[in-house]
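Report on the structure given below.
By convention here, the first residue in the shown sequence is residue 1. Values below: all heavy atoms of this structure, side chains included; hydrogens, waters and symmetry mates excluded. It should be emphasised that the depicted structure is a prediction, and the values quoted were computed from it without experimental measurement.
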Amino acid sequence: MQHDLPPSALPHLAQRYQSLVWSCLDAELTKTAVFHAERYYSLDKHGHDSRHLYATALLREGQTYSALSLVNQPSANICSGCSEIKAKCCTALGRHRQAREALEASMHDPNYVPSASTSRRVANPFPEEAALRCRSGTMALKGNLPEKASASFRQALNLNPQLWEAFEGLCSLGLIPDIDIILPPRPLPIKRAPPLDETTGKVVHPIADPGFFTPDAGSSGNLFRTWKPDLQPQPFRMGPPPGPRDSIATNESIYPDHSFHQAHRATRSQPTNTTQPPIQRPLSSADEAGPNPKRQRSTARQPEAVKKTVLNHKLSVDDPLKKARARPALIFANISSSGRHSSQFTTSSRTPGLGKSNAQPLLPNTATRRSSRLHPPSKPTARGRRRPSTTNARSKSAESEAEEDVFTAGSEVGYPPSPPSNAAQSPRSEVSPSPSNWTAAQEQAAQEEYDAELADYYVYSLTRKFACATRALALYDCQGCLRELEQLPAVHQSSPWVLAMVGRAHYEKQDFASAERAFKAVRILEPHRLWDMEVYSTLLWHLQRNVELSFLAQELLNINPRSSQAWIAVGNLFSLQKERSQALTCFRRAAEMDPTCAYAYTLSGHESIDEDLEKAINFFQCALRADRRHYNAWYGLGTCYLRMSRLRLAEYHYRKAVEIHPSNAVLLGCVGMTVERRGDRSAALGLFNDAVKLAPDNALVRYRRAKILVSMRKYELAVRDLEHLRGTTPEESNVVFQLAKVYRLLGNSAKSAHTLALARDISPKSLSKIKKLLETVEDAGDDEMDEG
């Protein structure tokens, strides 16, 4: 796979996408499944699992030819899973003989190994609430119930922000939510590490004194037990416990059997007789808020055999403790940031300080002074010679105890103590865990947890980037959409979904050349794609590409003759060939195939606008009933009312179109034209200036601004615009003729005659118009210009 993830996180990422896609397919959210399956396939284009999943999602969505092209590979690159999906595609297309051949090839494959996408899985018998609300919103959207659709989509996204159909539904309604609310940014996950020592200066939360606030025995002393959602919180007991005040009686572990801490507990000696009464372990200083100056405890000493055994064990773990001090560790705030990391506090009961060892274990039911827990009895051992006398350093030991026990809270209670009998035979059972006890099993478990969180973070952040780009495109912020798409990983930038968005963004910017390149790339990557092809066919209509449009229409009809995209392409082809009746028939056929396709009604209205205005208005209104944010329908209604000289209604509908698509220069020019016809030339000039700023290369808005400038007798500014148009469109005879007319109004007869000669050469049919201009008198001040 091509990605920015470490290799160890790839299995988790694959598992995450497989689970997500199958959940969407089970809930019949097929478009969401296609979206996530394409992301998975973009990461691993050569893997069979990603190919099978993507093909299955496309097949469920109805894109049968696209699914078939994925699995219809040469025999060297095909597997049994590919053959099985190929058989399904052929069955859907009615190619039953090819389906049988694919099934036979799948059964006779000697190298058949079930993959993750074809293995058994557990499916929910009933979809979750988020999926049901998303489907309810889709039905409300198609049923023209925008308020109910918006409520359902928002509830679905609150339950599951990965439901792409719900987000696209809100965008189509125009109620585009803030990305930081639906998909708030998440910090990069941090790998869990062994605890730090006290030299790092970490701060812990104060723990209450055991004499007043002692955790219940059933909680195993874990003050963070409420982080585990599967555990029942137990109340704290006030007052002294039934045992000695320096101990908490427990024989339970707060972690379930499936926790990865089970591997660590297995290295310690476990109680084998469950009928024995629970023992009492010493209460470490981490269970207190601070050192207690009163130390009137029993001074009962331990048997010599036990002390020798414990001292020998302490000598054996001294060297590993020194190595453990050099291990990297997390900040305490990061460790306590999530309930899933609460299990980390069981890895060590005490972080060793400089020149200090672990606390000495005690026998059960034996009260010992706190100073004897901090310092071993004075014996001629290697450890004893390095330590000061307990009588001279009692106050110092009490101060260092608070500094030493930084990560003690809730740490040593995660391990069940050994049985009270035969304590000398298993000394490790009473030794508090330390960083040296961070075993390979725990390291592997921490790495697995980190990889899983990293995979979740990758899926979430990628969905968030796509949501930002989709939101910008829905707001017709085309440049913002392109900026967001450029921030995607390279493997996703070359996917059909992204390239189609790039083509639509350039199309809305009126950058037809860039849009054509993007759509051509989409056709190369996915030649059987139906989505967004209605936009591509309209783009070819604008570019007057008759041959390409004809080829596209025939291919789309062969792929799916019951798709609205195919009939829109055929209708655009007939419209380009000036066969309006045939074009209208095709557009009506497209509306029959998909009654919610607003674009089919809009194109029908544009084809009828020159013949029957009332009929065109009816088509545009049908388009708005299907999609109230279809700005082309608002523009069509404004054009109809302008031709009917109903200027107020025309301006209203044009302004509604501008509200939806504020960066469209043509729409601003249409508003300016209606304002000019109302007589407000200064306001109209301001609108045309804004339109030219949005699209400096748009010839139509610049030509209309030149007309207003001539009508306001600002000839010099008009000449600038016309000269610019003459340079960009030299073959446009209308522009050359109007430029000659402005030169004549300025009194420059030489330039006017020269320009008129050019206009005659470009368009000989305009000779009568030229003669009429030459017969006019300069002083007449003919400031009116032809419509052109």
Side-chain angles (χ1 to χ4, degrees), residues 476 478-479 508-512 542 631-632 634-636 638-639 641-643 645 647-648 650-748 751-752 755-756 758-759 762-763 766 769 773 781-788:
Y476 295 99
C478 304
Q479 197 60 40
E508 297 297 343
K509 286 178 60 181
Q510 307 291 318
D511 186 0
F512 294 152
H542 282 290
Y631 73 91
N632 290 288
W634 291 103
Y635 163 76
T639 304
Y641 289 123
L642 184 64
R643 293 192 178 190
S645 299
L647 299 180
R648 293 291 182 181
E651 182 181 354
Y652 168 78
H653 287 89
Y654 281 142
R655 290 190 180 276
K656 291 291 289 185
V658 170
E659 289 179 6
I660 298 171
H661 195 342
S663 60
N664 193 305
V666 176
L667 295 178
L668 277 176
C670 291
V671 177
M673 187 168 54
T674 56
V675 173
E676 178 197 6
R677 293 185 63 172
R678 285 197 294 106
D680 193 352
R681 292 181 177 179
S682 59
L685 181 60
L687 289 170
F688 280 115
N689 289 334
D690 294 339
V692 172
K693 289 180 182 178
L694 287 175
D697 297 331
N698 193 300
L700 180 61
V701 294
R702 192 176 287 272
Y703 181 77
R704 286 178 176 172
R705 186 174 72 169
K707 285 181 60 179
I708 290 187
L709 290 173
V710 171
S711 64
M712 298 176 69
R713 299 180 182 273
K714 297 180 179 181
Y715 301 129
E716 295 293 340
L717 296 178
V719 166
R720 290 182 189 177
D721 283 341
L722 291 173
E723 287 288 354
H724 181 274
L725 291 173
R726 180 185 173 188
T728 56
T729 56
E731 301 298 326
E732 184 62 45
S733 60
N734 228 4
V735 173
V736 180
F737 179 78
Q738 300 299 340
L739 182 61
K741 191 172 182 180
V742 174
Y743 278 134
R744 186 174 180 83
L745 292 174
L746 284 172
N748 194 340
K751 280 192 175 183
S752 176
T755 310
L756 283 175
L758 292 177
I762 294 173
S763 178
S766 60
K769 191 186 298 185
L773 179 62
D782 186 11
D783 55 1
E784 293 297 328
M785 297 182 66
D786 295 339
E787 288 293 328

For Phe512, ring-ring contact (aromatic ring centres under 6.0 Å, His included) partners two or more places apart: Tyr507, His542
Residues that His661 engages under ring-ring contact (aromatic ring centres under 6.0 Å, His included), provided they are two or more places apart: Tyr476, Tyr631
How long is the straight-line distance from [atom2] of [Y] back to [atom1] of [X], given to the nearest 0.5 Å?
X      : Y      : atom1 : atom2 : answer
Met712 : Leu717 : CE    : CG    : 9.5 Å
Leu709 : Arg702 : CG    : CZ    : 10.5 Å
Leu700 : Cys670 : CG    : SG    : 7.5 Å
Gln738 : Asn734 : CD    : CG    : 5.5 Å
Ile708 : Glu676 : CD1   : CD    : 4.0 Å
Leu746 : Lys751 : CG    : NZ    : 9.5 Å

State, to 0.1 Å, how close [X] and [Y] come at their nearest heavy-atom pair, and which atoms those are.
X      : Y      : answer
Asn664 : Leu667 : OD1-N, 3.2 Å
Val736 : Thr755 : O-CG2, 3.1 Å
Pro662 : Leu668 : O-CD1, 4.3 Å
Ala706 : Ala718 : O-CB, 3.9 Å
Val675 : Arg655 : CG2-NH2, 4.0 Å

Ser663 side chain near Glu508 side chain, heavy-atom distance below 4.5 Å: no
Verdict with reasoning, Arg678 to Glu651, per salt bridge (Lys or Arg N to Asp or Glu O under 4.0 Å): CA-CA 10 Å; Arg678 285 197 294 106; Glu651 182 181 354; 2.9 Å; yes
Hey, can you pull the donor-acceptor pairs under 3.5 Å for the side chains in residues 684-697, sequence neighbours left out?
residue, atom, partner, partner atom, Å
Asn689, OD1, Arg705, NH1, 3.0
Asn689, ND2, Leu685, O, 3.2

Short side-chain to backbone donor-acceptor contact, Arg681 and Ser711, under 3.5 Å: yes
Sidechain-backbone polar pair: Thr728 side chain, Leu725 backbone, donor-acceptor under 3.5 Å: yes
Residue pair Tyr635, Tyr654: steps toward the side-chain contact (heavy atoms from CB on, under 4.5 Å) verdict: CA-CA 6 Å; Tyr635 163 76; Tyr654 281 142; 3.6 Å; yes
